[in-house]
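In the text below, chain A, chain B and the rest are named by the order of the sequence lines, each starting its count at 1. Both backbone and side-chain heavy atoms feed into the values below; hydrogens, waters and symmetry mates do not.
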2 protein chains.
Amino acid sequence: MPRTLPKHATAEDMKYVQDTLYVISGKWKMLIILAICAGNNRFKDIQRAIPRITTRMLSKELKELEQNKLVTRRVYDESPVLIEYSTTAYCKSFGAIIHEMIRWGKEHRKIVKK
Amino acid sequence: MPRTLPKHATAEDMKYVQDTLYVISGKWKMLIILAICAGNNRFKDIQRAIPRITTRMLSKELKELEQNKLVTRRVYDESPVLIEYSTTAYCKSFGAIIHEMIRWGKEHRKIVKK
DNA sequence: CCGGATCCTATCGGATACTG
DNA sequence: CAGTATCCGATAGGATCCGG
């Protein structure tokens, strides 16, 4: 399973890596995606699911995720107005990366402790 | 290939994701790993391989990568002194993530352009 | 409930100069 | 060659308060 590192990464490849990094980096984006996936679709629910995130950050990050087409925001015109966030089909393409990050983070704990 | 997102990520999982993110984030770390993999083992070589990185940044990031056991620094006591950086076996466990990031970054270009 | 607006601080990272 | 040291601007992100 541990594939080897790419030995001949091109300059293009490096750009792609940076792009990806840019989209997922920051303290919260990945956690927000995970929280929505877990069934938290309302603003308050997401916030409750992620310890210590502030409304400012959640609001900001949700907007960026929307711009990157990873999250959809739907407004249902009831009263009081109901807003629902969901991950896009495209967002599922993150699956492999997230699973890898969980696996790797777990491993890393053991390694660095030594 | 596009695995689905994890539906039941635990709080533990979230911690692991944050840890991984912490290790790889920043503008340069991944590029430095790729550069070393491509056969650039000396400080100057790595710097040449990565456009616009400053000595300050390269120095700082290499130290962190060493602390995280992703890179090894060897000193050969010739004169002038020769220093060689290499990726650890452990670093290869990044393979899957990096490949995924390249793939995903490439895809993302197309999506966002639309 | 769903955020926006302000203010503040810490860290990130660039530029430049200098050292063994 | 392989870095260190300093200075500085930009940005990330926290705290708090406010409004529809």
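The backbone N or O of A:Tyr85 lies less than 3.5 Å from a partner atom in the side chain of A:Asn41, making a donor-acceptor pair. Within the 3.5 Å criterion, the main-chain N or O of A:Thr10 finds a donor-acceptor partner in the side chain of A:Asp13. The backbone N or O of B:Trp104 sits nowhere less than 3.5 Å from a side-chain atom of A:Thr20 that would complete a donor-acceptor pair.
Rounded to an integer number of Å, the gap from NZ of B:Lys60 to C1' of D:dT6 is 15 Å. Spacing between atom CD of B:Gln18 and atom P of D:dG13 amounts to 11 Å, rounded to whole angstrom units. Between B:Arg74 atom CZ and D:dA2 atom P there is a gap of 15 Å when expressed in whole angstrom units. Atoms CG (B:Leu58) and P (C:dT16) sit 18 Å apart, rounded to a whole Å. Atom pair A:Leu62:CG and C:dG4:C1' shows a separation of 14 Å (rounding to whole Å applied). The distance from atom CD1 of B:Ile24 to atom P of C:dC12 is 16 Å, rounded to the nearest whole Å. Rounding to whole angstrom units, CD of residue A:Glu84 and C1' of C:dG3 are separated by 17 Å. Between A:Lys44 atom NZ and C:dG3 atom P there is a gap of 11 Å when expressed in whole angstrom units.
Out of C:dC2, D:dC1, C:dG4, the shortest distance to the side chain of A:Lys63 is found at C:dG4. When distances are taken from the side chain of A:Ser59 to each of D:dA2, C:dG3, C:dC2, the shortest belongs to C:dG3.
Checking the phosphate oxygens (OP1, OP2) of C:dC12, no side-chain nitrogen or oxygen of B:Tyr22 falls inside 4.0 Å. For A:Arg73 and C:dG3, the shortest distance from a side-chain N or O to OP1 or OP2 is below 4.0 Å. One finds no side-chain N or O of A:Tyr76 lying less than 4.0 angstrom from the OP1 or OP2 phosphate oxygen of C:dC2.
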| Nucleotide-resolved protein contact map, nucleotides 14-20 of chain D, B/S/- at heavy-atom distance under 4.0 Å | BB-----

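Atom CD1 in B:Ile53 sits 6.5 Å away from atom CD in B:Glu61 (nearest 0.5 Å). Note that CD1 of A:Ile36 is 9.5 Å distant from CG of A:Leu70, once rounded to the nearest 0.5 Å.
When each of A:Arg109, A:Lys106, A:Lys110 is paired with B:Asp19, the salt bridge (Lys or Arg N to Asp or Glu O under 4.0 Å) condition holds for A:Arg109 and for no other.
Over its full length, the helix from C:dG3-D:dC18 to C:dG20-D:dC1 turns its helical axis through 40°, comparing axes from the five pairs at each end and rounding to 10°.
Comment: B:Glu100 engages B:Arg103 in a salt bridge, judged by a side-chain N to carboxylate O separation of less than 4.0 angstrom. A salt bridge links B:Glu64 to B:Lys29: one of the charged nitrogens lies within less than 4.0 Å of a carboxylate oxygen.
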| task | Give the intermediate values and the outcome of side chain to side chain donor-acceptor pair (under 3.5 Å) for residues A:Tyr90 and B:His108. | result | CA-CA 9 Å; A:Tyr90 172 52; B:His108 191 60; 2.5 Å; yes

